[in-house]
Structure formats: C-alpha cells, structure tokens
S.K.: 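One structure coming up, written as structure tokens, with questions to follow.
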Number of protein chains: 2
Amino acid sequence: MFQISRKADYAIRGMVYLALKPQDGVASIKDIAGFAEASRAFLAKIFQQFNKMGIVKSYRGTGGGFMLGRPAGDITLLDIVEAVDGPILGNTCLLGKGTCSRDTTCPVHPVWKDVRQELRALLGRVTLERLAGAMPETPEPSGHHNKSQQ
Amino acid sequence: MFQISRKADYAIRGMVYLALKPQDGVASIKDIAGFAEASRAFLAKIFQQFNKMGIVKSYRGTGGGFMLGRPAGDITLLDIVEAVDGPILGNTCLLGKGTCSRDTTCPVHPVWKDVRQELRALLGRVTLERLAGAMPETPEPSGHHNKSQQ
DNA sequence: TTATATAAGACTAAAAAGGTCTTATTAGGA
DNA sequence: TCCTAATAAGACCTTTTTAGTCTTATATAA
C-alpha cells in the first residue's frame, strides 16, 4: 500500500539529473534516460507531460532536449509526484465514485484528510536543489550546450 | 498516487462494525458485508486473512461469524491497512527488485523513509475504539449472540 | 536539405486489483 | 443422526491500471 510508482521513480531521478546540470543546461532524453535507468520512449512521454505543466522546458531539433522549467529550489518532490501520478489521495472514499455519501458521517474521513495534508507537506518541503546537493557525484561537470545563450 | 484501496476501505468499515457490537459480539459475514457495502464473498476472504493475523476471530457453523481478536482500543488503522495491503512503502526503490543499488547513495531514499514513518505513526494512533466512538449511529444495540458465554 | 531532436497519440503487454465460484469443514439444533 | 447455517480454502475470472512500444509528425541547427 502507498507504493511509489516506477514512473515517479524514473521521473524523480530524471529531474535530479537536470538539476545537477549547470544553470539552464539542456539534456537529451537519451542522457536523462541513461541516468535514470529508464526506457527512452517511456521517459520521453513523462517529460512531455512535465513540459505542459511547466516544470521542464523542451527544445526540438539538433542540440535539443529538456531543461528545468524553473529554478531547482522551486521544484519539489510534491510537484513531480503529483505531475506524474495525479493528486495524492483524491478526496473520494473510493465507493460511490465521485461523491461519498459518508462525507459528513464517516469517522475515517478526517483521518485520510490528515494523512493527505501531512504527506503533501512533507514532500512539498523537499526541493530538487536539496536532492541534487545531496548527490554523491555529478554527471559531466562541463556542460554540453546551453540554451540560455542563444 | 497513494490511493486507498477499495479493499482497505471495506475492511475498515467492516472492522468498525465489529467494534460497534457489544463486547465479544459475533457478526456473520452477511451482516458485516451489508454494513460495509461490500460483496459477501470478497469481504469473507479479507476477514479470513484477518483471522490468521489475529485481529479477528472466526467461528464456523450455525450462529458463527467473526468478532474482534482483541479489544477495539488495541486495533489501529495501521493494523488493518497493513493486514489488507501489506506493509506501507516497502523499502525497495522499485528498480532492481529486492535490493536497491542506491541504498546508500540515493538522496531520495531518506525522504521515503520519513514519509513511511510519518504515515505509520499517524495511522497507528487511530484506534477502532476511537472510530467507533465517532460513529453517528450504532447498528442493532441489542446484541445477536455472544460467543464468550458458551 | 539532411540529420537530430522532441510531440503526439495509437497501440500492446503485463501486473495488480477486485471479485466470483466451488468444494470442504465445522457446529448447532431438530 | 442428519440437515442447515456458517466460515475456510483456493482455483478461477474480469477489469483496471501500470508500464511500455511504435509510428508518424514537426521543429531546428548546421
């Protein structure tokens, strides 16, 4: 129960990789997937969604790839996890899809609400910057290309 | 992500039902399933597992059924949730099933560990007794049968 | 204009969740 | 003793979700 999806795992590692690059460093999906140990096509799909959500930016064509959509200090695990797998603990009671007839009477309801809040708070406190800073080794310290200088 | 399984939902409601009964009250799976709004066969399977784990006791034959395996104050949401769906956030990193090569180096690892601890602590604090006490109405205040008087 | 990238989305395979059904086994009561 | 009411156990099935591939289009730099 409450398992982390492989998708989230890949996504997080991929994002950490981007955060490790020098400011505005662009990485190809090939490199990112290599680091994250994920299939290229699969990770590409994930990052395409991230692009739409603004947590990464994408560039097509030769020398293209992905880079962080905002500073690593402004992207949290919560952002990533919810971008990948949707909101944590949707407020349904599972039964009676959508609206739960127990909303007001069910004594378990407030417990899940608490759990949800705690979880979100915890993950919201962990930034990519912090994660990248805790990485033991950096990939290619000398940056590939740099989209901000165009 | 981190959704509650329907199984856990059924199980919790079924257990609350048992906790609402007078001390040592036995209820048939039919009654429990009715209250939990779950299929009889499905809930039976869940409760059979609970029986093995000791959080309920079962009695076969006429007048049989299930009752709590220990006082409602000694059974928590954590007990139920982990009995149904297995341990919260198994310590794998998902990749490299079993042992994660990143155990020592991965900076995300300690975060999941924290999350796991928080979650377990939160759920471990909520007893069936408390949940039953917060229920708006009780089912059949006059008990059916009572296995302790045999 | 060609090689190198991502974009988009249809499609598929595998695993997990949710659930049913059948055949024991056990216990109580007529 | 035999019938009925109950759980036990486990094989089986269906649906949904997860994880992933593949193809075609589009953009861009050299």
Side-chain angles (χ1 to χ4, degrees), chain A residues 1-11 13-14 18 25-34 36-53 56-67 69 81 84-86 90 92 94-95 97 144-147 149-150, chain B residues 1-11 13-14 18 25-34 36-53 56-67 69 81 84-86 90 92 94-95 97 144-147 149-150:
Chain A
M1 186 170 219
F2 295 121
Q3 292 295 347
I4 302 150
S5 69
R6 219 180 295 187
K7 212 170 158 188
D9 210 35
Y10 293 158
R13 286 210 295 271
L18 286 187
V26 169
S28 72
I29 201 66
K30 187 181 161 196
D31 288 352
I32 307 174
E37 291 173 37
S39 116
R40 210 186 293 191
F42 191 43
L43 200 66
K45 231 169 51 165
I46 297 171
F47 270 65
Q48 279 159 26
Q49 203 177 337
F50 283 6
N51 179 44
K52 284 182 195 153
M53 306 190 134
V56 305
K57 282 179 197 158
S58 71
Y59 301 94
R60 289 190 183 183
T62 317
F66 295 90
M67 67 177 229
V81 156
V84 167
D85 287 326
T92 63
L94 274 284
L95 286 193
K97 55 262 178 209
H144 261 190
H145 13 246
N146 189 320
K147 280 288 173 183
Q149 289 169 356
Q150 290 169 349
Chain B
M1 187 170 218
F2 295 122
Q3 292 294 346
I4 302 150
S5 69
R6 218 179 295 184
K7 213 168 156 190
D9 210 35
Y10 293 159
R13 286 212 294 273
L18 285 188
V26 169
S28 72
I29 200 67
K30 187 182 162 195
D31 288 352
I32 306 174
E37 291 173 37
S39 114
R40 210 186 293 189
F42 191 43
L43 200 66
K45 231 169 50 166
I46 298 170
F47 270 64
Q48 278 159 27
Q49 203 175 338
F50 283 7
N51 179 44
K52 285 182 196 153
M53 308 191 131
V56 304
K57 283 179 196 160
S58 71
Y59 300 94
R60 290 192 182 182
T62 316
F66 295 90
M67 69 178 228
V81 157
V84 166
D85 286 324
T92 65
L94 274 283
L95 286 193
K97 55 257 176 216
H144 263 186
H145 14 243
N146 189 320
K147 280 286 172 184
Q149 291 169 354
Q150 290 171 348

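We name chains A, B, ... by the order of the sequence lines, and we start the count at 1 in each one.
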S.K.: When you match B:R40 and A:R40 each to their closest nucleotide on DNA chain D, which lands nearer the 5' end?
M.R.: B:R40
S.K.: Round to the nearest Å and state the distance from B:F2 atom CZ to D:dT18 atom C1'.
M.R.: 16 Å
S.K.: Nearest-nucleotide wise, let me know which of A:K7 and A:G61 is further upstream toward the 5' end of DNA chain D.
M.R.: A:K7
S.K.: I want to verify a distance call: between C:dA5, D:dA8, D:dG20, whose nearest atom is closest to the A:R6 side chain?
M.R.: D:dG20
S.K.: What's the separation between atom CD1 in A:I29 and atom CZ in A:F42, rounded to the nearest 0.5 Å?
M.R.: 11.5 Å
S.K.: Taking only the side-chain heavy atoms of A:S5 (C-beta and beyond), determine which of D:dT7, D:dA19, C:dA7 contains the nearest atom.
M.R.: D:dA19
S.K.: I want to check one thing: is the phosphate of D:dT21, taken as OP1 and OP2, less than 4.0 Å away from some side-chain N or O of A:S39?
M.R.: yes
S.K.: Output yes when at least one side-chain N/O atom of A:S28 is less than 4.0 Å from OP1 or OP2 of C:dT4, else no.
M.R.: no
S.K.: Using only modelled atom types and a 3.5 angstrom limit, is any donor from either the side chain of B:K45 or the base of D:dG10 paired with an acceptor on the other?
M.R.: no
S.K.: Roughly how far apart are B:D9 CG and B:E37 CD, rounded to 0.5 Å?
M.R.: 10.0 Å
S.K.: Parallel, tilted or perpendicular, judged at 30° and 60°: which one describes the rings of B:F2 and A:F2?
M.R.: tilted
S.K.: If you check every side-chain atom of A:T62, which of C:dT4, D:dA8, C:dG19 has the closest atom?
M.R.: C:dT4
S.K.: A:F42 CZ to C:dA8 P: how many Å, rounded?
M.R.: 17 Å
S.K.: Counting side-chain heavy atoms from C-beta on, which of C:dA7, D:dA6, D:dG20 comes nearest to A:Y10?
M.R.: D:dG20
S.K.: For the pair made of CG in A:D85 and P in D:dT16, what is the distance, rounded to whole Å?
M.R.: 19 Å
S.K.: Nearest whole Å is fine: how far is C:dA17 C1' from B:I46 CD1?
M.R.: 11 Å
S.K.: Is there side-chain contact between B:F47 and B:L18, with at least one heavy-atom pair below 4.5 Å?
M.R.: yes
S.K.: Take the protein atom CD of A:E37 and the nucleotide atom C1' of D:dG20, then report the distance between them rounded to whole Å.
M.R.: 17 Å
S.K.: Please classify the nucleic acid contact of A:F47 as base, sugar-phosphate, or nothing, using heavy-atom distances under 4.0 Å.
M.R.: nothing
S.K.: Nearest whole Å is fine: how far is C:dG9 P from A:N51 CG?
M.R.: 13 Å
S.K.: Of the nucleotides D:dA19, C:dT20, D:dT4, which one has an atom closest to the side chain of B:A41?
M.R.: C:dT20
S.K.: CD1 of B:I29 versus C1' of D:dA9: gap in Å, rounded?
M.R.: 14 Å
S.K.: B:R60 CZ to C:dT23 C1': how many Å, rounded?
M.R.: 12 Å
S.K.: With sugar-phosphate meaning primed atoms plus P, OP1 and OP2, does B:K52 contact a base, only sugar-phosphate, or nothing at under 4.0 Å between heavy atoms?
M.R.: sugar-phosphate
S.K.: OG of A:S39 to OH of A:Y10: how many Å apart, nearest 0.5 Å?
M.R.: 7.5 Å
